[in-house]
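For reference, the structure discussed in these notes is given below.
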Amino acid sequence: MATNPPKLKTKIAANERMKNLKETFESKYGESPLFYAFAPGRVNLIGEHIDYCGYSVLPMAIEQNILTAVSLNDSGKIQLANANPKYKDFSVSCSEEIAIDRDDPQWYYYFLCGVKGIQEKFGLNNLAGMSCVVDGTIPPSSGLSSSSALVCCSGLVTMEANQKSLSKAKLIEFQPLRATDVKLPDGAVFVISNCCVEMNKAASSHYNIRVVECRIATKMLAQARGVDSSRLLKLAHVQMELKASLEEMLALVAEVLHPEPYSREEICKVLGITSEQFSTELLSANTQDMTQFKLHQRAKHVYGEAARVLQFKSVCDSEPTDATRLLGELMNQSHASCRDLYECSCPELDQLVDICLKSGAVGSRLTGAGWGGCAVSMVPSKKVESFLQAVREEYYLPDPRRAAMEKQSLFVSKPGGGAAIFLEE
């Protein structure tokens, strides 16, 4: 486990963004911030939709981030404002239970998730009153973890304001939870490109449907091999129970799960459960109307993607001369699987990935939840400028809406720093 997030002293006047945030804060609350909290966005280089199935992912922190200016107050309230005027202010009493409206995914509920998490972790009955202004440079609903960064940042804010500390860890492997640094090859950079289609994961059921299909596939595979499926919820659990390799799990998927969609009735018959049990034990609140389930495709993607993550890390560790080409091929295979098996892409993302490959990327794939958002491309360092120009001309400039968003939508992604607390010098 890593140490607590560092506290860094900085000259606010020398940082244009922090200077503007300080001025916004002072205008809003009539006093200067006591401290600032920072949390980066991240891009998933490979390993999509497999974390909640128990498998490893390979994320990289990026420069785009959430930055929050904070002071303590005696009002008994947590006051939240956003530097972007399109997001409205919000306040909540410190003495009341914090309620999160899951059906109304407003920006401040993500912030309050972080507050609530720290409150519950430390058993804080009376939270310190806080005044906050949040500023973000991560494009929302782009697959760059803007919501996760906001939750993380609010957790740091709450700890600092209430004089608590908590060690942090990178989440890469989940069975068991552990983190490993991966050295990326020299001679290539990662470029982020936003397809300019937003998908609010919290406001749609696409994501939940995939979670449910993976859960059902877990039960079906376990049942086929005589394993008690009642306590198994993740595809990784089946692999561990069977002590099988990922290749063997892919073979099991091909043997046991047919490619045609399953009906509720067929699943209930195989698992020996009632329709009521199916609805209450396997479906979530916003997937109750589902009638068709693509179990073969979802399980095949998860086991295949899990194998690609391990192959990606193996290439990085062994540093072969053609590492860039090998990693690019894995990224391309990942996108094809996301597109065809997990069906979490969209026409715009597919078009953007194709343009990136034609423009000189050795590998390109969607990143994040999908159904919109960003692609991440591995580009040889010497081709970066020509790559950016080609993608700009092919994807962004022909469309007025995309052209207006291009400066925030196409950029070279350098590894970013970790979460931190900043104090003014």
Side-chain angles (χ1 to χ4, degrees), residues 46-57 175 204-273 275 277-279 281-284 286-311 330 332-346 349-350 365-366 369-371:
I46 197 164
E48 223 58 70
H49 285 283
I50 62 174
D51 50 350
Y52 54 80
C53 294
Y55 286 108
S56 307
V57 299
Q175 302 289 334
S204 64
S205 61
H206 299 302
Y207 182 89
N208 302 85
I209 288 171
R210 298 301 183 273
V211 173
V212 164
E213 288 174 318
C214 289
R215 185 183 303 152
I216 297 171
T218 296
K219 307 281 188 186
M220 298 284 276
L221 292 172
Q223 184 88 358
R225 284 295 177 264
V227 175
D228 178 14
S229 65
S230 62
R231 56 190 175 80
L232 302 181
L233 296 174
K234 300 179 180 181
L235 288 166
H237 293 165
V238 186
Q239 183 192 359
M240 287 188 285
E241 286 288 326
L242 297 178
K243 295 180 172 60
S245 67
L246 288 167
E247 290 70 25
E248 289 169 333
M249 293 309 299
L250 285 166
L252 181 61
V253 169
E255 175 191 338
V256 172
L257 301 176
H258 56 67
E260 298 77 27
Y262 283 77
S263 65
R264 287 183 177 224
E265 294 73 23
E266 183 178 4
I267 294 169
C268 288
K269 184 177 179 181
V270 172
L271 296 181
I273 59 176
S275 179
Q277 285 176 304
F278 181 86
S279 294
E281 297 174 11
L282 295 179
L283 299 183
S284 58
N286 64 347
T287 59
Q288 292 292 324
D289 294 334
M290 287 181 67
T291 57
Q292 300 282 303
F293 305 84
K294 294 187 177 182
L295 308 184
H296 173 98
Q297 291 85 344
R298 309 319 184 213
K300 185 177 179 181
H301 165 77
V302 170
Y303 290 129
E305 187 77 347
R308 282 186 287 273
V309 171
L310 297 181
Q311 291 164 9
L330 289 170
N332 294 337
Q333 292 167 17
S334 174
H335 183 77
S337 183
C338 288
R339 180 191 65 214
D340 302 333
L341 296 176
Y342 222 70
E343 297 179 281
C344 59
S345 188
C346 67
L349 259 178
D350 293 337
R365 58 180 294 279
L366 66 83
W371 297 288

At what distance, to the nearest 0.5 angstrom, does [atom1] of [X] lie from [atom2] of [Y]?
X	Y	atom1	atom2	value
Leu252	Met220	CG	CE	11.5 Å
Ile273	Ser279	CD1	OG	9.0 Å
Leu283	Ile209	CG	CD1	10.0 Å
Arg264	Ser275	CZ	OG	6.0 Å
Ser263	Lys269	OG	NZ	10.0 Å
Leu221	Gln223	CG	CD	10.5 Å

Shortest non-hydrogen contact from [X] toward [Y]:
X	Y	answer
Leu235	Thr218	N-OG1, 3.1 Å
Val256	Ala224	CG1-CB, 3.5 Å
Gly47	Val309	CA-CG2, 3.5 Å
Pro261	Gln292	CB-OE1, 3.3 Å
Ile50	Ser56	CD1-O, 3.1 Å
Ala299	Val253	CB-CG2, 3.8 Å

Are any side-chain N or O atoms of [X] and backbone N or O atoms of [Y], one a donor and one an acceptor, separated by less than 3.5 Å?
X	Y	value
Ser205	Asn208	no
Tyr303	Gln239	no
Arg298	Cys214	no

**Report entry** By side chain to side chain donor-acceptor pair (under 3.5 Å) - contacts of Gln333 (at least two apart)
**Finding:** none
Any salt bridge between [X] and [Y], counting N to O under 4.0 Å?
X	Y	value
Glu255	Arg225	yes
Arg308	Glu305	yes
Arg231	Glu241	yes

Pairwise side-chain contact, [X] with [Y], heavy-atom cut-off 4.5 Å (strictly under):
X	Y	result
Ser337	Glu48	no
Thr287	Phe293	no
Leu242	Val227	yes
Arg210	Glu343	yes
Glu281	Lys219	no
Tyr262	Leu257	yes
Cys344	Cys338	yes
His49	Val302	no

Report task. Begin from the C-alpha positions of His335 and Asn332 and carry the test side-chain contact (heavy atoms from CB on, under 4.5 Å) through to its verdict. Result -> CA-CA 5 Å; His335 183 77; Asn332 294 337; 6.0 Å; no
Requested in this report: Step by step, work out the side-chain contact (heavy atoms from CB on, under 4.5 Å) result for Leu271 and Phe278.
Outcome: CA-CA 9 Å; Leu271 296 181; Phe278 181 86; 5.8 Å; no
**Report entry** Neighbour count >12 (heavy atoms, 6.0 Å) for atom CG, Asp228
**Finding:** yes
Query raised in the report: Which of these passes ring pair (Phe, Tyr, Trp, His ring centres under 6.0 Å) with Tyr207: Tyr52, Trp371, Tyr342?
Result: Tyr52
Query raised in the report: Is it the case that His301 and Asp340 place a side-chain donor and acceptor less than 3.5 Å from each other?
Result: no
